[in-house]
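Have a look at the structure below, then the notes.
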Amino acid sequence: MSDYYFSMALGNRRSLCISPLTNEELASGEGRPGNGLGYFLYERDEADDGLNVLAKIVSEDAAVRLYQAIREASGGRLAEAA
């Protein structure tokens, strides 16, 4: 996977992530929401190595701001990725 902005465990080997995705990574998910340029909010399922894109994020700044908002709302349950 590309560099994560964050990953938060949802249970049952699923996680919520923000990161850039490549065309190949998008092709393995449900649907093809875009050309692979940009950042995405998605659910990752480790049980079947699948992903489900929930939203495309329009810029790096928007990805960081969304991460900060989710971190505040989660009460610190987010795990920042390196």
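One is the number of the first residue; the rest follow in order along the sequence. Values below: all heavy atoms of this structure, side chains included; hydrogens, waters and symmetry mates excluded.
Residues Y39 and K56 form no side-chain contact, since every pair of their non-hydrogen atoms from C-beta on lies 4.5 Å or further apart. At a threshold of 4.5 Å between non-hydrogen side-chain atoms, the residues V53 and L41 do not count as touching. Side-chain contact check for L51 versus E43: every heavy-atom pair is 4.5 Å or farther apart.
In this structure, R44 and C17 approach most closely via the heavy-atom pair CB-SG, 4.3 Å.
Within the 3.5 Å criterion, the main-chain N or O of R14 finds no donor-acceptor partner in the side chain of N12.
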The test is side-chain contact (heavy atoms from CB on, under 4.5 Å); show your working for N52 and Y42 and say whether it passes. CA-CA 5 Å; N52 183 24; Y42 57 96; over 6 Å; no
Should I18 and V64 be marked as a side-chain contact (heavy atoms from CB on, under 4.5 Å) after you check the CA-CA gap, both sets of side-chain angles, and the distance that decides it? CA-CA 9 Å; I18 292 177; V64 171; over 6 Å; no
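Take R65 and apply the side chain to side chain donor-acceptor pair (under 3.5 Å) test, not counting sequence neighbours, and it matches no residue. Residues passing the side chain to side chain contact (heavy atoms under 4.5 Å, CB included) test with A62 are I57, V58, S59, sequence neighbours excluded.
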